[in-house]
Amino acid sequence: MPHLVTRAEKRAYPFAMTTSAGTTRIEYRTCHLCEATCGLELHLDGRAITLVRGDRDDVFSHGYLCPKGTAVKQLESDPDRIRRPLVRRGDAFHEVSWDEAFDEIDAGLTPIRDQYGPDALAIYLGNPGAHNLAGLVYNRALLQAARTKNVYSASTVDQMPKQVSAGLMFGGGLTIPVPDVDRTDYLLMLGANPYASNGSLMTAPDLPGRLHALRARGGKLVVVDPRRTKTAEEADEHLPIRPATDALFLFALVHVLFEDDLVDLGDVAAHVNGVDDVRRLATAFAPEVVAPACGIEAAIIRRIAHELAAAPTAAVYGRIGTCTQEFGTLASWLVDVVNVCTGNLDRPGGAMFTRAATSTAGTFSNEGRGVTFGRRTSRVRGLPEYFGELPVVCLAEEIETPGDGQVRALVTIAGNPAVSTPNSDQLRRALASLDFMVSIDIYVNETTRHANVILPPEPELARGHYDLALYNLAIRNVANYSPPLVELEPGEVPEWRSMLRLAGVIGGLGAHADVDALDDVVVSGLVSKVVGRRGSNVEGRDADELTKALATRRGPERVLDLMLRTGPYGDGFGADPEGLSLAVLEANPHGIDLGPLQPRIPEVLRTPSGMIELAPEACVGDVERLRSVLERPLARDGGPLVLVGRRDLRSNNSWMHNLQVLVKGKARCTVHVHPDDAARLGFGNGVDVRVRSSSGEIVLPAEVTDAVMPGVVSIPHGWGHDVEGTQMATASRHAGANSNVLARTDLFDPLSGNAVFSGIPVEIAPV
Ligand SMILES: Nc1nc2c(c(=O)[nH]1)N[C@H]1C(S)=C(S)[C@@H](COP(=O)(O)OP(=O)(O)OC[C@H]3O[C@@H](n4cnc5c(=O)[nH]c(N)nc54)[C@H](O)[C@@H]3O)O[C@H]1N2
Ligand SMILES: Nc1nc2c(c(=O)[nH]1)N[C@H]1C(S)=C(S)[C@@H](COP(=O)(O)OP(=O)(O)OC[C@H]3O[C@@H](n4cnc5c(=O)[nH]c(N)nc54)[C@H](O)[C@@H]3O)O[C@H]1N2
Ligand code: SF4
Ligand SMILES: [Mo]
């Protein structure tokens with residue numbers, strides 16, 4: 001256990017100083033805006049943020065922050081934010097009381113459910129919910145109350161392929177190894193741009209600094225990306241790759257590792273099944289065979305394989321570019337196949353498993369049950385469920401297709417599917433046709449404008465924060481809790497309370513269910529589970545005793561305290577007086593560093609065999625499909641141009657374009673086109689072009705640049721704010737165009753149902 005600040009020391013916080021404007025308090029809080037979990041130093045005058053700085057004493061971020069972090073100030077005070085519940089009458093929204101809002105919801109949802117059954121209600125959970133304690137703790141209660149199979153989330157436009165491959169290989173959908181960035185000698189990074197995005201499925205504040213340090217200590221960074229990104233520019237080597245061919249490239253690496261006798265499983269050797277199957281499958285993917293499709297020379301592929309094998313430690317890391325493509329699961333799988341084959345899985349400097357303070361998986365003895373998919377299927381297309389949710393590429397058709405089980409009502413929480421998911425034109429029509437819709441959100445935007453009722457969360461600073469999800473994927477074991485910094489004002493309701501009240505309506509308890517009683521049910525369920533769990537640090541203890549010990553807290557904090565205390569570093573309610581609890585985190589406002597990652601195999605594995613499954617059946621079965629792309633023509637040989645996305649440092653998917661500080665300057669929603677392609681198509685820089693796919697078309701300015709490889713065009717997602725009926729004045733003035741009008745619902749990764757954003761065939765012509 002590291003040194004913990006004592007309670008007495010804690011009383012020194014927050015210190016205050018007086019300014020002409022009043023009293024400025026200094027408080028510390030983890031930024032909730034991306035996966036990097038930076039510590040912020042906030043200067044507050046009453047409720048107002050007067051200054052945002054990086055918290056230099058934060059145990060993980062050491063003072064780093066990005067321009068979005070400072071924009072918390074503008075976000076909290078944005079005049080367009082919804083502060084009170086809204087009810088739509090015709091095209092206009094009206095503020096109502098919370099009771100009126102819930103009466104409206106009850107009157108709208110309950111008859112639909114009574115008449116058509118639970119599946120008539122769909123639920124869509126968006127990305128900010130993964131950065132929000134309320135969402136992480138209470139989404140489940142809502143889903144349990146709903147009992148609908150129509151559960152959708154941003155996961156199937158994001159990381160579902162990695163969850164599926166991790167589930168198949170290691171037995172758990174979040175058992176995802178992360179690159180040990182701080183100790184590795186060699187990092188091969190595919191489909192990620194942390195200089196813009198600050199890391200994903202790899203929680204690490206200041207990745208630019210950490211990657212710089214990697215190189216400064218003599219390590220090597222290789223970036224595989226169709227675009228020359230900032231990360232690629234900062235790397236030792238950039239390998240432009242044709243979109244959606246990562247699995248071919250990775251298979252070729254595996255091919256060379258076997259062919260040249262470089263495979264060495266290292267310490268995990270005794271825990272690996274399927275090595276021979278992988279060897280056999282890789283024979284078909286010699287570098288010379290895949291090189292034309294990938295656009296990477298065979299000699300380079302061979303060299304990279306040798307470098308990976310020779311490096312003292314190395315890690316392969318793939319992110320969104322490797323997931324949102326038609327071979328997302330294969331690519332995600334092969335990333336870890338290479339990690340295993342080079343002996344880098346589960347060793348310092350390689351790809352390792354985090355041991356989060358709230359984790360349960362792998363911290364107790366348990367027979368692995370592995371993962372099962374397809375327990376339910378979508379009604380129209382029969383696509384299988386993954387980890388309890390259906391692919392969001394099915395959502396519009398489930399709303400639009402008449403018949404038994406048709407979706408007639410929708411709840412969205414912290415999501416903007418109208419912009420963030422494929423075929424936006426179709427989804428827009430579908431949303432408009434719903435009988436009833438409820439959203440919990442901070443804006444009237446492209447999605448929530450269709451809602452009958454919108455419920456706002458409390459201000460960010462009025463709630464506690466703990467990155468329950470992201471700390472599971474951190475490159476160090478860390479824990480940091482941020483308490484609420486301001487009081488709720490009359491009329492403000494915490495998001496968790498709205499979620500439980502909504503769960504009450506959906507579960508048939510009416511509009512006025514006792515939220516505190518529902519919360520007690522949630523907690524008693526969790527307590528009885530953990531005392532019944534073999535190997536837990538409170539196994540066999542009296543549930544009432546634990547519940548009493550938690551009684552001073554409510555809501556997400558109570559659940560978090562339970563998770564911390566029964567987690568791998570927990571105090572076990574007295575079992576280990578030195579252990580973690582929420583009180584200990586409260587006394588440590590800059591967080592607690594629980595140390596570098598430690599090897600966790602075999603304890604982390606939950607496959608039925610208890611082994612790493614290097615050749616899961618589902619992946620093996622998909623290899624033939626991969627071979628078929630070897631025959632596809634390239635753009636220069638008459639094949640289509642293909643579309644990829646891109647992210648910008650001052651953006652956050654679709655929802656931070658209403659902040660002037662982040663959108664000012666040159667318009668960023670442009671299509672990047674390589675000079676050769678622009679010349680062939682006959683247009684120049686700055687010209688408006690029409691980009692068309694089989695699902696729709698958009699018009700936006702061309703930016704001719706060799707930062708994108710020939711045959712590939714790039715458009716950022718999350719734009720297109722020029723639709724009627726939204727209330728985002730700044731975003732509307734910087735509208736851009738919605739690239740997901742071009743994304744198709746018939747293009748997805750068949751192993752995970754994940755949407756395809758990389759490699760969509762498009763046509764471009766000047767307007
Ligand atoms: N073409 C293309 N499309 C993509 C991607 C891509 O790379 N290319 N990336 C995909 C990825 S990785 C993701 S994660 C998805 C995101 O997909 P979504 O999560 O559906 O969309 P966001 O744009 O993140 O919208 C977040 C919503 O949450 C609201 N919000 C913000 N804070 C809060 C809060 O505290 N509480 C509540 N209740 N609401 C809040 C915002 O107003 C907004 O409506 O987009 C995907 N779409
Ligand atoms: N500033 C900012 N930060 C963000 C977000 C944001 O919108 N803005 N979104 C957050 C979210 S929700 C997520 S999921 C993360 C994502 O974090 P990252 O995964 O780092 O996402 P990107 O920055 O989009 O980088 C993806 C890269 O993949 C490349 N690419 C596209 N297709 C392919 C392909 O087929 N193969 C390969 N090898 N590369 C390909 C793209 O050119 C792009 O440079 O970022 C998070 N952080
Ligand atoms: S990198 Fe992410 S967590 Fe850090 S300040 Fe920027 S948005 Fe916040
Ligand atoms: Mo994401």
Side-chain angles (χ1 to χ4, degrees), residues 28-42 52-55 58 60-76 78 125-133 135-136 153-155 157-159 162 176 178-179 181 189 191-211 229-231 317 319-321 323-324 354 356 414-416 419-420 442 460-461 463 465-476 478 480 482 591 645-659 661-663 668 716-718:
Y28 300 96
R29 186 176 177 83
T30 305
C31 178
H32 67 293
L33 294 171
C34 87
E35 297 179 40
T37 69
C38 300
L40 303 179
E41 177 185 303
L42 300 176
V52 182
R53 289 208 293 227
D55 173 9
D58 185 280
F60 203 14
S61 64
H62 310 291
Y64 176 82
L65 88 176
C66 84
K68 273 191 305 187
T70 56
V72 165
K73 178 176 168 200
Q74 286 79 10
L75 182 62
E76 282 289 88
D78 185 347
L125 304 171
N127 168 277
H131 301 252
N132 170 353
L133 196 51
L136 289 160
S153 89
S155 292
V157 283
D158 189 346
Q159 81 291 346
K162 192 73 201 181
I176 296 173
V178 297
V181 177
M189 180 181 288
N193 183 15
Y195 273 79
S197 298
N198 278 295
S200 181
L201 299 189
M202 162 171 67
T203 296
D206 191 16
L207 269 165
R210 290 173 199 271
L211 295 175
T229 59
K230 174 80 172 146
T231 309
Y317 163 76
R319 197 44 288 263
I320 196 129
C323 282
T324 51
T354 314
N416 192 5
V419 176
S420 295
I442 61 174
E460 182 63 29
L461 296 194
R463 63 184 177 204
H465 182 86
Y466 183 89
D467 278 302
L468 212 48
L470 305 179
Y471 286 148
N472 282 304
L473 300 162
I475 61 147
R476 287 184 73 86
V478 281
N480 195 342
S482 313
R646 69 176 187 269
R647 280 176 165 74
D648 178 273
L649 184 58
R650 287 179 297 135
S651 200
N652 199 12
N653 296 325
S654 74
W655 67 280
M656 288 187 76
H657 299 148
N658 205 48
L659 308 179
V661 277
L662 296 183
V663 289
R668 306 193 305 258
H717 73 286

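Just so you know, residue 1 is the first one in the sequence shown, and it goes up from there.
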Using the rule side-chain contact (heavy atoms from CB on, under 4.5 Å), only one of L40, L42, T30, L133 pairs with S482; which is it?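 So the option named by the test is T30.
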Out of the candidates T324, L201, N653, I320, only one should pair with D158 under the side-chain contact (heavy atoms from CB on, under 4.5 Å) rule; please name it.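 Among the candidates, only I320 passes.
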Sort out for me which residue in R647, K162, E35 forms a side-chain hydrogen bond (donor to acceptor under 3.5 Å, both in side chains) with S200.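 Result for side-chain hydrogen bond (donor to acceptor under 3.5 Å, both in side chains) with S200: E35.
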How long is the span from the [atom1] atom in [X] to the [atom2] atom in [Y], to the nearest 0.5 Å?
X    : Y    : atom1 : atom2 : value
C34  : L649 : SG    : CG    : 9.0 Å
N652 : C66  : CG    : SG    : 9.0 Å
T231 : L207 : OG1   : CG    : 9.0 Å
H465 : N132 : NE2   : CG    : 8.5 Å
S420 : W655 : OG    : CH2   : 11.5 Å
S197 : K230 : OG    : NZ    : 14.0 Å

What is the minimum heavy-atom distance between [X] and [Y], and which atoms define it?
X    : Y    : result
P205 : R210 : O-NE, 2.7 Å
L470 : A130 : CG-O, 4.4 Å
N472 : A356 : OD1-CB, 3.3 Å
A154 : N127 : CB-N, 4.0 Å
G129 : A414 : N-CB, 3.8 Å
P67  : R650 : CB-CG, 3.9 Å

For [X] and [Y], does a side-chain donor sit closer than 3.5 Å to a side-chain acceptor?
X    : Y    : value
S61  : D58  : yes
H717 : S654 : no
D467 : T37  : no

Can you tell if the side chain of [X] reaches within under 4.5 Å of the side chain of [Y], non-hydrogen atoms only?
X    : Y    : answer
S651 : R668 : yes
K68  : L662 : yes
M189 : L211 : yes
V72  : R29  : no
L65  : R53  : no
D55  : F60  : no

Fit a plane to each ring of Y466 and Y471, take the angle between them on a 0 to 90° scale, and name the class: parallel (under 30°), tilted (30 to 60°) or perpendicular (over 60°).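 Ring orientation, 0 to 90° scale: perpendicular.
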Please determine whether side-chain contact (heavy atoms from CB on, under 4.5 Å) holds for the pair L75 and L33, giving the CA-CA distance in whole Å, both sets of side-chain angles, and the decisive distance to 0.1 Å. CA-CA 10 Å; L75 182 62; L33 294 171; 4.0 Å; yes
So, E76 side chain and L461 main chain: donor-acceptor pair closer than 3.5 Å or not?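 Yes; at least one donor-acceptor contact below 3.5 Å.
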Are R463 and E460 ion-paired here, with the side-chain N under 4.0 Å from a carboxylate O?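 Salt bridge present between R463 and E460.
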